[in-house]
Amino acid sequence: MSSTSTVERAYALARSGNIPDFARLKQRLQADGCRAVDALLASRSIRGHLEAICAASFRGSTESAESAPTPTSKTQG
């Protein structure tokens, strides 16, 4: 693993748009070999920040964007 700390890596992953939620973020960090993930991310404020970043950044399936209603043009008549 590089010299990036576990917390720094957590924020980078959360901002990447590839992690949908905090639970998957922790799984990814552990899979990447980060140590003491639970202890380092136990703070309520850190967890809250990471949850919010994951939710705001996650690029899920494009299906939901495609099914969203599009503005219709009004015709004059």
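Just so you know, residue 1 is the first one in the sequence shown, and it goes up from there.
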Problem - From CA spacing to verdict: side-chain contact (heavy atoms from CB on, under 4.5 Å), V37, T6 - result: CA-CA 7 Å; V37 173; T6 297; 4.2 Å; yes
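In this structure, I19 and C54 approach most closely via the heavy-atom pair O-CB, 3.6 Å. The heavy-atom pair separating R59 from N18 by the smallest distance is NH2-OD1, 3.6 Å.
To the nearest 0.5 Å, the span separating CG on D21 from CZ on F58 amounts to 8.5 Å. Between atom CD of residue Q30 and atom CG of residue D38 there is a gap of 5.5 Å, rounded to the nearest 0.5 Å. Between the CG atom in L41 and the CG atom in L29 there is a gap of 6.5 Å [rounded to 0.5 Å]. Going from atom NE2 of H49 over to atom OG of S43 covers 8.5 Å, rounded to the nearest 0.5 Å. From L50, atom CG reaches atom CZ of R15 across 9.0 Å, with rounding to the nearest 0.5 Å. Between the CZ atom in R47 and the CG atom in L25 there is a gap of 10.5 Å [rounded to 0.5 Å].
Contact check for R28 versus R9: side-chain heavy atoms found under the 4.5 Å cut-off. Between I46 and Y11 there is a side-chain heavy-atom pair separated by less than 4.5 Å.
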